[in-house]
Amino acid sequence: MAAAVRAGVSGRILGRGSAVGARSMSSWWRSVEPAPKDPILGVTEAFLADPSPDKVNVGVGAYRDDNGKPVVLECVREAERRIAGNQNMEYLPMGGSVKMVEETLKLAYGEDSEFIKDKRIAAVQALSGTGACRLFADFQKRFSPDSQIYIPVPTWANHHNIWRDAHVPQRTYHYYHPESKGLDFAALMDDVKNAPNGSFFLLHACAHNPTGVDPSEDQWREISYQIKVKGHFPFFDMAYQGFASGDPERDAKAIRIFLEDGHAIGIAQSYAKNMGLYGQRVGCLSVLCEDEKQAIAVKSQLQQLARPMYSNPPVHGALVVSTILGDPELKSLWLKEVKVMADRIIGMRTALRENLEKLGSPLSWKHITEQIGMFCYSGMTPEQVDQLTKEYHIYLTRNGRISMAGVTTGNVGYLANAINEVTKSS
């Protein structure tokens with residue numbers, strides 16, 4: 001009888017406890033609201049949901065061939081064939097593949113760079129360009145806690161997220177000039193001069209995203225000079241080396257100018273665009289230091305930051321990159337293939353501009369061919385973009401950014417006609 005009573009009491013207590021537990025558990029996340037859709041990724045979602053046979057996606061931030069299909073480079077396929085079955089799946093060091101990092105530094109700093117020879121560069125493999133930027137943002141917060149980052153207006157939207165989540169205060173500097181659809185150079189220089197000494201500046205090394213507007217070589221030299229005068233730290237995001245002009249050396253010109261001028265710099269590099277390794281997340285973060293001793297210390301701290309984030313980076317993509325860049329034949333093939341991609345983008349810029357001009361558009365479209373890289377900042381308003389989507393099933397981000405990779409010989413006429421229709425009353 002006593003045992004039965006105890007069992008009954010126990011059951012009732014457990015019942016009450018479990019009910020309370022269930023209630024408290026259900027309330028843990030009650031205040032969580034759905035996150036806003038990513039402005040770029042949301043475009044692709046809407047495109048995929050559209051049943052129209054005429055739909056066009058010029059919002060995608062990935063290369064497509066002239067049939068609108070994803071591309072895997074032949075140099076990548078050959079590298080994968082060589083790798084298959086020959087490598088183990090052990091962890092990489094926290095700093096990643098030493099071979100991949102070595103080859104990546106040569107692309108950015110130069111094949112015969114004195115900084116590489118003197119071991120003055122602290123560098124680690126990162127999770128593509130995004131991961132490299134985030135790792136640097138955390139490094140900046142930890143070792144320059146009172147600093148802020150100056151970010152161009154506009155910029156790739158994720159830049160703001162990265163430095164925000166690293167708790168680094170953000171300021172902006174002028175970059176794009178809406179009327180000329182080019183660089184607002186005078187305002188940019190004023191912002192560099194007026195920023196507190198020793199500020200951090202985020203710079204796009206080439207093929208500025210989203211505008212496609214890059215400074216000229218002379219303008220880069222003036223920017224470098226003024227940043228040096230003010231003691232600012234330049235951090236380059238280089239997502240498109242080789243993909244902008246078809247020549248990796250030419251696309252690294254801004255970085256080489258800053259190196260010649262004696263800056264300490266940081267660089268985020270990525271192989272998403274220029275090798276088509278989007279899903280492999282292969283990148284590199286490098287920081288130029290005063291000497292080898294400082295570089296060792298900085299690298300150790302970058303690795304320590306990476307440890308609780310992701311411990312160590314993935315191996316397959318790093319093997320693909322190091323295999324391609326470490327083999328003269330495969331590297332030569334890559335240089336040819338990346339030029340083919342860049343040339344197709346440049347060709348589509350010319351075709352889009354020519355189509356718009358043939359339609360008798362009252363607007364100037366010369367900025368389409370003056371800009372460079374994957375993206376064209378069209379100058380269309382959010383309302384015009386909405387009209388393109390609603391009436392013509394053409395998808396792009398509401399800031400008017402056209403991904404030239406989504407433009408093909410098959411759809412360029414349709415796209416030009418639609419753009420002409422929604423802009424001719426402007």
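The first residue of the sequence shown is numbered 1, and numbering continues consecutively from there.
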Taking atom types as modelled, is there a side-chain donor on [X] or [Y] under 3.5 Å from an acceptor on the other?
X      : Y      : result
Ser270 : Ser128 : yes
Asn399 : Thr397 : yes
Glu80  : His316 : yes
Tyr271 : Thr104 : yes
Thr323 : Arg82  : no
Gln384 : Thr423 : no
Tyr91  : Ser311 : no
Asp54  : His393 : no

**Asked** Cationic tip of Lys55 within the cone over Tyr395's six-membered ring, i.e. under 6.0 Å and within 45° of the normal?
**Response** no

**Message:** Can you classify the ring geometry of Trp220 versus Phe258 as parallel (below 30°), tilted (30 to 60°) or perpendicular (above 60°)?
**Reply:** perpendicular

**Request:** Measure the acute angle between the ring planes of Phe200 and Phe233, then classify it against the limits of 30° and 60° as parallel, tilted or perpendicular.
**Result:** tilted

**Request:** Only one of Thr155, Thr211, Asp214, Asn209 passes side chain to side chain donor-acceptor pair (under 3.5 Å) with His204; say which it is.
**Result:** Thr155

**Message:** Could you check whether Arg134 pairs with Asp138 (Lys NZ or Arg NE/NH1/NH2 to Asp/Glu carboxylate O, under 4.0 Å)?
**Reply:** yes

